[in-house]
Amino acid sequence: MKWNRIAYGATLVLVILGIGLALGAYLFQPVTPHGTEKAAPLTSTPVSSRTIDDKRTVSLSVTYTEEEKLFSPTTGLLTRMNCSPRAPISSGNHIMTLEDRNIYALATSIPLWRDLSYGDKGDDVQALNEELQRLGYTITTTDTITADTFRAIAHMMGLLSSYNTYNLPVISPSSFIWLPHSSITPAECTAKIGQNIEVGTPLITLEKTLTEVRISDMPQNLLEGEHNLTIDTLTLPINADGSVTDPDALAQLVNTPTYRAWKEQITDENSNQKISAQLALVEPTLLYSLSPAAIYAIEGQEGCVLDGTQVRPVRIISSELGQTFITFTDNKPAPDTLNLPTGSETPCRSH
């Protein structure tokens with residue numbers, strides 16, 4: 001009887017213990033947070049657009065002309081010199097006086113080399129009349145010396161009276177210093193007041209003229225489309241080889257704060273230092289961002305995507321924060337979503 005009670009008590013303890021373990025397992029089972037249940041596999045990815053100007057920072061190398069000088073066209077004692085370093089001199093300006101004869105700057109495509117009279121013709125006549133036209137004078141005929149030519153020269157030389165008359169028997173090359181450009185900038189004024197000047201005496205040493213700026217290292221993977229350069233607030237057109245050679249553009253460039261600051265610090269020791277500029281598309285273009293998992297059959301920058309059941313070629317531009325930026329090379333509209341490849345898709349390019 002005693003053993004029966006013991007057995008009964010042991011069985012009861014085991015039953016209670018089993019119930020406790022089962023209850024504890026139920027109460028303390030791991031809880032799966034809402035929303036973290038296993039999701040269905042993704043089959044598509046959204047496509048979003050982004051406008052980009054493909055802006056890159058680039059370095060520019062520069063090319064200058066060889067050193068140039070201006071020479072006297074005649075002889076005499078120098079009594080006046082209108083020259084200061086870095087002060088531009090333009091075609092038509094009074095540049096110096098020899099004794100009592102004023103000498104003027106003139107930028108003709110061909111230097112004047114002979115006395116010119118009414119009716120004269122020739123390449124030098126054409127060059128003179130075209131320059132006078134550029135300076136704003138009315139020249140009706142450019143291949144012949146006419147009254148228009150004489151009147152323009154008389155006005156430039158201060159010989160035109162209030163009655164529109166002048167005393168100018170011939171147009172002499174001794175009255176003009178030839179300029180190689182419509183405007184020049186002296187680096188040094190070598191002739192001095194009181195100096196006896198001969199024909200061919202060097203008068204002014206010019207600053208070297210900027211003839212080209214060029215991107216030193218063209219960035220890789222540029223987007224297709226016309227690009228230009230920006231320096232400060234100046235925008236410059238560039239050639240296909242990354243150079244700027246347009247004289248008007250270069251003339252504007254040398255007046256920018258960036259160029260002037262660069263020029264000030266250039267010495268023989270750091271003459272290879274480059275100018276910093278921004279390269280960008282003239283017209284910004286659309287890029288499309290998507291999950292990189294949507295692209296397959298990747299070769300270099302080229303890849304394929306699945307637009308519904310249609311296979312389309314794309315060009316990979318860049319990747320950023322888990323997104324890949326592309327362009328569609330078939331020039332068709334971009335979809336809102338793309339299907340994710342499963343591994344059995346047909347390539348979009350033939351080899």
Side-chain angles (χ1 to χ4, degrees), residues 61-116 124 127-128 131-132 134-135 153 155-159 170-213 245 247-248 250-257 259-273 275:
S61 58
V62 298
T63 302
Y64 292 97
T65 57
E66 296 297 323
E67 182 179 85
E68 295 178 286
K69 295 184 178 182
L70 302 185
F71 303 96
S72 175
T74 188
T75 62
L77 184 72
L78 182 62
T79 55
R80 183 177 178 184
M81 189 70 178
N82 294 327
C83 176
S84 299
R86 298 190 178 179
I89 296 172
S90 297
S91 182
N93 289 168
H94 170 221
I95 196 169
M96 73 174 183
T97 302
L98 294 180
E99 298 166 1
D100 61 351
R101 289 171 290 127
N102 291 335
I103 312 297
Y104 297 84
L106 197 61
T108 50
S109 58
I110 299 173
L112 300 185
W113 54 272
R114 58 173 173 154
D115 287 345
L116 296 174
D124 54 343
L128 174 61
E131 176 60 8
L132 292 173
R134 191 192 69 80
L135 291 173
I153 291 295
H155 182 273
M156 179 189 299
M157 299 176 67
L159 301 176
V170 296
I171 298 172
S172 172
S174 64
S175 297
F176 303 98
I177 294 173
W178 181 71
L179 300 188
H181 314 286
S182 59
S183 179
I184 58 93
T185 302
E188 182 182 7
C189 306
T190 52
K192 308 301 179 185
I193 301 298
Q195 179 179 347
N196 279 308
I197 302 297
E198 302 293 334
V199 174
T201 297
L203 303 171
I204 298 171
T205 300
L206 306 185
E207 281 194 347
K208 294 180 179 180
T209 301
L210 183 64
T211 58
E212 177 188 271
V213 295
T245 53
D248 292 336
L250 294 173
Q252 295 178 68
L253 170 60
V254 300
N255 291 316
T256 60
Y259 179 87
R260 290 199 298 264
W262 172 84
K263 196 78 166 60
E264 288 288 341
Q265 62 185 7
I266 288 298
T267 64
D268 291 339
E269 289 73 23
N270 66 354
S271 58
N272 291 326
Q273 186 171 334
I275 301 172

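Computed from a prediction, not measured in an experiment: that's the story for all the values here.
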pair [X]-[Y]: side-chain heavy atoms closer than 4.5 Å:
{"X": "Ile275", "Y": "Val62", "result": "yes"}
{"X": "Ser183", "Y": "Pro88", "result": "yes"}
{"X": "Pro173", "Y": "Pro73", "result": "no"}
{"X": "Trp113", "Y": "Asp124", "result": "yes"}
{"X": "Ile103", "Y": "Ser72", "result": "no"}
{"X": "Ile95", "Y": "Cys83", "result": "no"}
{"X": "Leu98", "Y": "Thr74", "result": "yes"}
{"X": "Leu203", "Y": "Ile177", "result": "yes"}

If you round to the nearest 0.5 Å, how far is [atom2] of [Y] from [atom1] of [X]?
{"X": "Leu78", "Y": "Ile197", "atom1": "CG", "atom2": "CD1", "answer": "5.0 Å"}
{"X": "Ser172", "Y": "Arg101", "atom1": "OG", "atom2": "CZ", "answer": "9.5 Å"}
{"X": "Leu210", "Y": "Lys208", "atom1": "CG", "atom2": "NZ", "answer": "12.0 Å"}
{"X": "Leu106", "Y": "Leu135", "atom1": "CG", "atom2": "CG", "answer": "7.0 Å"}

As a test of understanding, state which of Asp248, Leu253, Val254 forms a side chain to side chain contact (heavy atoms under 4.5 Å, CB included) with Leu250. Leu253
Could you check Thr79 against Met96 for side chain to side chain contact (heavy atoms under 4.5 Å, CB included), going step by step and ending with a plain yes or no? CA-CA 8 Å; Thr79 55; Met96 73 174 183; over 6 Å; no
Is it true that a side-chain atom of Arg260 and a backbone atom of Asn255 form a donor plus acceptor pair closer than 3.5 Å? yes
Examine distances only and state if a side-chain atom of His155 and a backbone atom of Met157 form a donor-acceptor pair shorter than 3.5 Å. no
Are side-chain N/O atoms of Ser91 and Glu131 paired as donor and acceptor at under 3.5 Å?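 Side chains of Ser91 and Glu131: pair found under 3.5 Å.
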Specify the closest pair of heavy atoms between Ile89 and Pro186, including all atoms of both residues, with the distance to one decimal. CD1-CG, 3.9 Å
Between Lys69 and Glu207, does at least one N-O distance fall below 4.0 Å, as a salt bridge requires? no
